[in-house]
Amino acid sequence: MRASQFHIATTKETPTDAEIVSHQLMLRAGLIRRLASGLYSWMPLGLRVVRKIEAIVREEMNRAGALELLMPAIQPAELWQESGRWEKYGPELLRLQDRHDREFCVGPTHEEVITDIARRELRSYKQLPINFYQIQTKFRDEIRPRFGVMRSREFIMKDAYSFHIDGASLSETFDDMHTAYCAVFDRIGLDYRAVDADSGSIGGAKSTEFHVLANSGEDGLATSSMSDYAANVEKAAVVCTTTRGDATQAHTVIDTPKVHTIAELCKATGADAAQCAKTLLVNGVGMNNHEDGSAVDGPKIVALVLRGDHELNDIKAEKHPLVQSPLTFAEAKDIRTVAKCDAGSIGPIGLDVPIIADQDAANLSDFVVGANENDKHITGVNWGRDLPEPEVADLRNVVEGDPSPDGKGLLNIVRGVEVGHIFELGTTYSEALKTAVPDESGKNQILHMGCYGIGVTRVAAAAIEQNHDDKGIQWTRAIAPFEVVIVPINAAKSDSVKAASEKLYQGLLDAGFDVLLDDRPLRPGVMFADMELIGIPHRLVVSDKLLPENKLEYRNRRESDSEVIDYADAIARISG
RNA sequence: CGGGGUAUGGCGCAGUCUGGUAGCGCAUCUGGUUUGGGACCAGAGGGUCGUAGGUUCGAAUCCUGCUGCCCCGACCA
């Protein structure tokens with residue numbers, strides 16, 4: 001490709017609304033343009049990257065035996081009603097009507113459609129296992145789209161769905177997909193981790209997430225220092241190592257004016273955060289939703305007690321039978337009703353609601369709590385003496401230094417961007433959509449199902465997040481929009497530079513390289529800056545300085561120095 | 001959904017408090033000089049100041065409604 005015939009649209013200035021480096025660089029390099037909140041156009045340069053990622057994904061899926069198909073982006077409501085997700089999925093599902101007022105949605109995922117295909121197409125166990133996939137645009141009406149294409153509403157996803165006669169066959173394909181995903185991310189050249197994950201709203205049993213490690217990542221990952229254990233912090237179980245000490249202090253009410261936070265409480269009392277308990281009031285199951293006008297017979301509130309230095313884990317809390325899912329905090333008026341005070345002074349003593357304590361909070365003795373009276377706290381509190389023994393559960397996020405759940409080593413916490421997720425769904429959807437085939441004995445068996453996703457467009461952003469410097473993007477060769485760029489110096493004045501550049505360009509094309517010839521009539525500095533911003537891995541500079549000796553200059557995007565090479569060695573140099 | 005911020009040429013911003021001819025940098029176009037790290041000189045084009053209404057002789061500026069966008073948020077208990 002000749003740069004003069006391409007659309008190169010770089011900017012020197014960073015757009016103010018771009019928060020993270022990948023978003024900034026994608027805009028500055030002209031890879032994407034914003035259309036509306038969470039909606040981005042892929043410009044020619046950016047689309048080249050997307051297509052290369054797609055090609056790698058496609059090759060590895062095909063290699064793993066999956067079959068590509070393409071399903072409609074728009075899906076009829078009936079299927080979603082059949083699976084029960086029309087109600088369950090919530091406002092993230094973009095719903096619309098056609099001219100006959102029939103209800104549809106824009107697919108955020110395709111379990112319903114593929115299961116419908118499976119129940120129509122699959123007639124015998126002999127056709128199993130089978131794994132279908134597509135690479136397609138999805139739409140999820142995110143509450144808060146951000147970070148450009150990292151969390152956009154419309155995005156490209158590779159989604160695969162496998163069908164099996166039993167769970168053992170599903171597990172085999174699940175493992176095959178795990179291997180295929182590793183192959184994809186290895187080929188792209190990403191530093192990633194496969195971690196145990198919560199299967200979330202999609203349902204099912206086992207699931208593994210693939211995360212690209214990056215500080216800007218929205219997920220916390222817990223990894224063991226001694227083993228290959230790795231899990232999303234949402235999922236990582238807390239191994240409780242604390243034991244309760246004896247009560248030595250008296251129950252004492254103290255004045256704590258203007259103290260509302262644990263930090264303020266520590267400052268006011270000199271207590272350590274680990275010696276304080278915080279009491280969170282959340283809405284319980286049966287909390288009226290007020291919208292249908294039905295009578296409210298008192299708020300169904302649940303109190304969760306955690307140690308002051310620990311964070312509540314929403315996912316773990318939601319799993320408790322008394323807690324409403326999704327987790328929501330009690331409203332101010334309900335807090336007043338239940339605790340007779342405002343948030344900031346709540347404590348577990350005397351609350352007439354179910355009290356669930358995190359393991360470590362339940363092991364506290366002589367601890368500090370809110371007094372359920374504004375501007376007062378209580379010190380020297382002990383379970384069993386000052387208040388009943390609580391129900392105990394694992395409610396908190398693991399923290400750095402917690403023991404690894406597999407018993408080997410301690411946990412480190414790192415941040416990651418989720419780029420892939422594979423699930424053993426089991427029979428959730430095939431039961432709902434009555435998908436079964438006869439087995440060897442002729443008896444109908446509900447199919448077992450797996451699903452496997454890769455966020456293609458997010459991979460592009462994550463790759464930049466992990467590969468950049470102060471000059472711009474540093475693509476790995478596998479997904480670079482161009483593998484090599486030729487920069488002629490002063491071609492307008494020098495016929496020999498021009499001729500040598502053209503010859504080199506043709507030679508690289510013939511050798512099968514994805515090559516860009518920067519034939520724009522620009523000063524060298526501009527071309528260098530543009531090509532570094534765009535992130536092309538290899539650069540060949542043709543100039544009158546070196547041409548008489550049949551030499552040119554080579555520079556790798558990741559190196560700070562150039563080297564002079566023989567003109568004839570150019571192709572060999574960038575092949576390595 | 002709640003809170004905060006913001007909206008002025010393609011991009012980044014000033015001007016708003018204190019109402020009086022809409023400005024700067026980058027980018028673009030023309031001509032010339034330049035040509036190994038985002039050049040210089042001269043000239044040019046481009047803005048219903050988000051939108052609807054109000055106050056006023058006069059509104060980017062003051063008032064009201066609406067909308068878009070960005071950030072923060074269920075951790076404060």
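Reminder, nothing fancy here: chain letters follow the sequence lines and each chain counts from 1.
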Practice item. Find the partner of B:G20: check Watson-Crick (N1-N3 plus N6-O4 or O6-N4) and G-U wobble (N1-O2, O6-N3) distances, both under 3.5 Å, and reply none if neither fits. Key: B:C57
Check your understanding: Contact class for A:Ile335 (heavy atom, under 4.0 Å): base, sugar-phosphate, or nothing?
Key -> base
Exercise for review: Can you label the angle between the A:Trp383 ring and the A:Phe367 ring as parallel, tilted or perpendicular, going by 30° and 60°?
Suggested key: tilted
Practice item. Provide, to the nearest angstrom, the distance between the NE2 atom belonging to A:His377 and the C1' atom belonging to B:C76. Key: 10 Å
Exercise for review: State which of B:A77, B:C71, B:C69 makes the closest approach to the side chain of A:Lys278.
Suggested key: B:A77
Study note, to complete from the structure: Here the distance between atom C1' of B:G10 and atom CG of A:Leu27, to the nearest Å, is 14 Å
Review point. For atom C1', what is the distance between B:U35 and B:C40, given to the nearest Å?
Key: 12 Å
Practice item. May I ask you to decide whether A:Asp358 forms a salt bridge with A:Lys316, counting only side-chain N to carboxylate O separations under 4.0 Å? Key: no
Review point. Are A:Thr16 and B:C13 close enough that a side-chain N or O sits under 4.0 Å from OP1 or OP2?
Key: yes
Review point. Counting heavy atoms not belonging to A:Lys551, are there more than 12 under 6.0 Å from its NZ?
Key: yes
Exercise for review: Could you tell me which nucleotide pairs with B:G73 by Watson-Crick or G-U wobble geometry, both distances under 3.5 Å, or answer none if nothing does?
Suggested key: B:C1
Review point. Between A:Thr261 and B:C75, does any side-chain N or O lie under 4.0 Å from OP1 or OP2?
Key: no
Check your understanding: So with a 6.0 Å cut-off around CG of A:Asn215, is the heavy-atom count from everything else above 12?
Key -> no
**Study point:** B:U28 - base-pair partner by Watson-Crick or wobble geometry, distances under 3.5 Å
**Key:** B:A44
Practice item. Check every strand shown and say whether A:Ile143 touches a base, only sugar-phosphate, or nothing at a heavy-atom separation below 4.0 Å. Key: base
Exercise for review: Quote, to the nearest angstrom, the C1' distance that separates B:U8 from B:C24.
Suggested key: 12 Å
Point to revise | Protein-nucleotide distance (A:Arg34, atom CZ; B:G68, atom P), rounded to Å | key: 12 Å
Revision key, fill the gap. Whole-Å distance, A:Met43 CE to B:G10 C1', equals 13 Å
Exercise for review: Let me know the distance between CZ of A:Arg144 and C1' of B:G2, rounded to the nearest Å.
Suggested key: 12 Å
**Study point:** Gap in Å between the two P atoms, one belonging to B:G53 and one to B:A60, rounded
**Key:** 15 Å
Practice item. Classify the side-chain pair A:Asp366/A:Asn382 by whether it contains a donor and acceptor separated by less than 3.5 Å. Key: yes
**Study point:** B:G25 versus B:U64 - spacing of their P atoms, nearest Å
**Key:** 36 Å
Review point. Across all strands shown, which nucleotide pairs with B:U67 by Watson-Crick or G-U wobble geometry, both distances under 3.5 Å?
Key: B:A7
Check your understanding: 5'-most contact on RNA chain B: A:Asn313 or A:Pro15, nearest heavy atom basis?
Key -> A:Pro15
Check your understanding: Taking atom P of B:C71 as reference, at what distance in whole Å does atom CD of A:Gln24 sit?
Key -> 11 Å
Point to revise | Pairwise C1' distance, B:G12 and B:C70 [rounded to whole Å] | key: 15 Å
Practice item. Map A:Ala18 and A:Glu13 onto RNA chain B by nearest heavy atom, then report which one ends up closer to the 5' terminus. Key: A:Glu13
Revision key, fill the gap. Per-nt protein contacts along nucleotides 32-41 of chain B (heavy atom under 4.0 Å; B base, S backbone sugar-phosphate only, - none) come out as --BBBBBB--
**Study point:** Same-atom distance (C1') from B:U28 to B:G47, integer angstrom
**Key:** 15 Å
Check your understanding: Starting at CD of A:Glu311 and ending at C1' of B:G73, how long is that distance when rounded to a whole Å?
Key -> 13 Å
Point to revise | A:Glu553 with A:Lys545: basic N within carboxylate O range, under 4.0 Å | key: no
Check your understanding: Salt bridge check: are A:Glu19 and A:Arg146 linked by an N-O gap of less than 4.0 Å?
Key -> no
Practice item. Pick the P atom in B:G23 and in B:G4, then give their distance to the nearest Å. Key: 36 Å
Check your understanding: For A:Phe528, is the NZ or CZ atom of A:Arg539 found under 6.0 angstrom from the centre of its six-membered ring and inside 45 degrees of the ring axis?
Key -> yes
Review point. Does B:U33 pair with anything, Watson-Crick or G-U wobble, both distances under 3.5 Å, and if so, with which nucleotide?
Key: B:A39
Exercise for review: Using the C1' atoms only, state how far B:G58 lies from B:G9, rounded to an integer number of Å.
Suggested key: 25 Å
Review point. When you look at A:Asp544 and A:Ser496, which way does the side-chain hydrogen bond (donor to acceptor under 3.5 Å, both in side chains) test go after all the steps?
Key: CA-CA 8 Å; A:Asp544 273 328; A:Ser496 54; 3.1 Å; yes
**Study point:** Spacing of A:Glu19 atom CD relative to B:G4 atom C1', expressed in whole Å
**Key:** 14 Å
